[in-house]
Amino acid sequence: MAWFRAVSSAAKLAAVRRNLVRARSYAKRALLLPLQNRYFHSTFYKSKAQGAPVPRPVPLSRLTDSFLDGTSSVYIEELQRAWEADPDSVDESWDSFFRNFVGQAATSPGISGQTIQESMRLLKLVRAYQVNGHNKAQLDPLELEEREIPDDLDPAFYGFTEADLDREFFLGVWSMAGFLSENRPVQTLRTILMRLEQAYCGSIGYEYMHIPDREKCNWLRDKIETPTPRQYNQQRRVVILDRLIWGTHFENFLATKWTAAKRFGLEGGETLIPGMKEMFDRAADLGVETIVIGMSHRGRLNVLGNVVRKPLAQIFSEFSGGTKPVDEIGLYTGTGDVKYHLGTSYDRATRGGKRIHLSLVANPSHLEAVDPVVVGKTRGKQYYSNDVERTKNLGVLIHGDGSFAGQGVVYETLHLSALPNYKTGGTIHIVVNNQVAFTTDPRSGRSSKYCTDVAKALNAPIFHVNGDDVEAVVHACELAAEWRQKFHSDVVVDIICYRRFGHNEIDEPSFTQPKMYKVIRNHPSALEIYQKKLLESGQINQEDVNRIHNKVNSILNEEFVSSKDYVPKRRDWLSAYWSGFKSPEQLSRVRNTGVKPEILKNVGKAICTIPENFKAHRAVKKIFEQRAQMIETGEGIDWALGEALAFATLLVEGNHVRLSGQDVERGTFSHRHAIIHDQENWEKYCPLGHVLINQNEEMFTVSNSSLSEFAVLGFEMGYSMENPNSLVLWEAQFGDFANGAQVIFDQFLSSGESKWLRQAGLVVLLPHGYDGQGPEHSSARLERFLQMSDDNPYVIPEMDQTLRRQIQECNWQVVNVTTPANYFHVLRRQIHRDFRKPLIVMSPKNLLRHKDCKSNLSEFDDVEGHPGFDKQGTCFKRLIKDHNFRSDLEEGIRRLVLCSGKVYYELDEERKKVNGNDVAICRIEQLCPFPYDLIQRELRRYPNAEVVWCQEEPMNMGAYNYIAPRLCTAMRTLGRGGMEDIKYVGRAPSAATATGFYQVHVKEQTELVQKAMQPEPIKYPY
Ligand SMILES: Cc1ncc(C[n+]2csc(CCOP(=O)(O)OP(=O)(O)O)c2C)c(N)n1
Ligand SMILES: [Mg+2]
């Protein structure tokens, strides 16, 4: 038996040695791991001689998780036994570890008997609280949530018993932050547990252990595990109370004055108001000067009144039905929007005596759609205020629990947060988590535990906080501001509250949530709870409380009285950068968009030059040589160069240009090459970044985006709203994919100005055209954009050049441009006018390299006598007349084919083939607003021509349904017939945009082009 034991312990020792060898090889391998994972292994490199004299605590905290599991503990115990038998039998680092740690523990009076295993278990317990403490935190004010407390928060799980509670344990003097950092290595288990419960299981549940950055975790641990995390003095508490009273009375007041109105009140979540205000105060203390806020319906009016400080009289006036705002200069007021969608901006003082600018962005009902818009606007502000560190301009988004979990755009927006050309230094997210979405329980509304789980993908810390504990809410909000200013990344505050009434005030919530509403009915408000607490603590007396209540009520009443006479004085869309811009009823003249020839030559050379030592790809080099040649000769300028010239000339004039979208740097069709790559050292060069001497790096930004449409278009929308002197463009990979961003088109781009009186000059490039690439790479759904255009098909507006306000009155412009020069001018026109309008461009694919789709430099300049020059100089051509027919009257023409886009080149080709000299082809370059004047001019020119609309899209798509009534109006007023006189040539109606069979495509395309040229008349309708 003795022999067996001996053998067995020898075998064990051998096993331990084998493990040690393995451990050493792990240590070597670990050097390749990212920094944060290296710490544990680095302790192995101390030599025995160096390590011996001074007992050094070995940071167990640095052990990786795998070492903390059960088998590792057993393994370490085995090691310990081996070490006790023979210290030389273990690796020198383990020797040091056991001497320092166990030696201390074993000899310290009062902690006798603590084993390594107990230490490990204790550490695991601490860690369990850090990871899982939030599961036990007191988060639900209604206490209805059924929760399972994880086993690993139970000391018994680690083998501790009642008897251990008052035993002292050695915790170490760890080089870890927070709880383990204190210089009190020996504590009783009872104290340890109490502290852990206080830190992690109170009114705030912290989720941060998913963050893989030690510095960030330690920073948070320091904040969370400090013995007195939040101690507000009496003065602060009065301020918090005051703010809570404002938030609460505001809703009560609206409820009593407008009993039947929908206001999507904040009742049950009123602590949001003091939380936000304290967050903003803290942010201001830390250097924030401007905050852009996005939020949906819930509590929006309260935030507008109490946080942003929109005049209460104005809010009340809007509640009473409101007067349509009247501008002192003009009368344009758009369609307006419901009161809980309107935006505004104000300057307000903070508690710390600073001033902060707050703007709440107007938003549609579409939940979360405003998120990327806010982030883009914030980035725009950062550019214009030279906020390189991104600490002066902050974006704050307020979400609902249902929408934060459910809406995909939340994830898309979060995913922009660290991208170099989209980051804003962190957005602060606040979730007003009232535990219900309309009538839907979280159980049916999401698959994850928390509604905020999506933010974990971004390694954002998440603070869940009980909305009934106003001080905890304030603390979490302040901490979020500190985090953002410290780490410049996103952070989430999840205020878990409830909704006292229905989804809106007219809704009956007990139909669907009877249990919840039974509890809510008897549940005191956050204000009642806080007031009671302060009164009981003696920090405030009833008189003081009454005084605040009376003050708030009397102000609300005074504002209500003055709201009756409230007259909105000034439209507020003219923020600083926009002064001087015209509203739709103020005439803005058409301006010359041509550029002096010498400037064109100079910038042309600059953008075609690649630095000498830059090793561009051979093919790219050739492209640039060809471009340089085009500039040199002034001939054959192609699409990409036309675009680059528009950008370059705008830059020279001091404008900011930003183009973003998927693969826009090279260009989906490999035509742009706005950024080129050194093939040897992988450096990048952006020719348009060097048009000016010492050009600001961001002045020309071209950036590949994340693979998102909704968020990226929303972002650029917000960016473009910030400053009119910027040409902001978003390009879809193919136009088809733009419908992933449909909400932005519908709710912001096409209707934003009309609803919210905010202009935007965003340009959207949508590759479009039938080349036989199948149903998903042919159509940008031109018809959708035209259908959303608001120009009246039956009324011809004032078209005189000196009085024309047609574009200003229209909601946007839709163009399908066919020459590089016209593309150049339409881009420049966006900036060279006194108003801003979104521009939708059906951009070409095969025209990018088409032999005939070229322009001469003389079409870009402003020289009298050059093509396109007229009284205003050189301008964008809304219609390109047939180059074959110059006289004002062409009586011999039997057919006038009107078309738009690349089909023109195919029609022209066919005409040449069939000698169709009696057919004229006109290109409508600007479809919306409809160029009535130019169409009528062409109709007059060809008095005997059959009028044909030709398109390559199916009949139910493309421009046909938009063109037909407008063309008809133009013809009727000239006595040229009506609807039945407009012939259609194009594809038949279809469900899919295009055929998937190339042969079918070719047949269809050939037929339609041939038909447009056929000698016999075309039957009506086709
Ligand atoms: C994209 C979108 N889908 C549906 C709706 C209709 N809707 C309005 S509020 C609401 C519930 C929102 O729940 P939650 O996000 O939890 O906010 P709460 O109203 O509870 O504050 C819904 C479904 C909407 N406005 N937007
Ligand atoms: Mg909700």
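Read the numbers this way: they start at 1 and go in the same order the structure lists the ligands and their atoms.
- Shown here for P364 and K755, the closest heavy-atom pair between the two residues is CB-NZ, 4.2 Å.
- Of the residues listed (S660, S417, S706), the one engaging Y422 in a side chain to side chain donor-acceptor pair (under 3.5 Å) is S660, and it is the only one.
- Checking H297 against N363 by side-chain atom types alone, no donor-acceptor pair falls below 3.5 Å.
- Taking distances strictly below 2.8 Å, the protein N/O/S atoms close to the Mg ion (ligand 2) are D401 OD1, N434 OD1, V436 O.
- Protein neighbours of ligand 1 below 4.0 Å, counting non-hydrogen atoms: H297, R298, S365, H366, L367, G400, D401, G402, S403, Q407, N434, V436, A437, F438, H503.
- Applying the side chain to side chain donor-acceptor pair (under 3.5 Å) test to H399 and every residue at least two apart in sequence or in another chain returns E368, H429.
- Note on ring orientation: taking the six-membered ring where Trp is involved, the planes of F560 and F253 are perpendicular (angle over 60°, cut-offs 30° and 60°).
- Between H134 and H464, the two ring planes are tilted [angle within 30° to 60°].
- T413 and D371 share no side-chain donor-acceptor pair at under 3.5 Å.
- Inspection of the E251 and N302 side chains reveals an N or O donor paired with an N or O acceptor under 3.5 Å.
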Could you go through residues 736-749 and list every donor-acceptor pair under 3.5 Å that involves a side-chain atom there, pairing it with any protein atom two or more places apart or in another chain?
from: D736; atom 1: OD2; to: H777; atom 2: N; distance (Å): 3.3
from: Q742; atom 1: NE2; to: D746; atom 2: OD1; distance (Å): 3.1

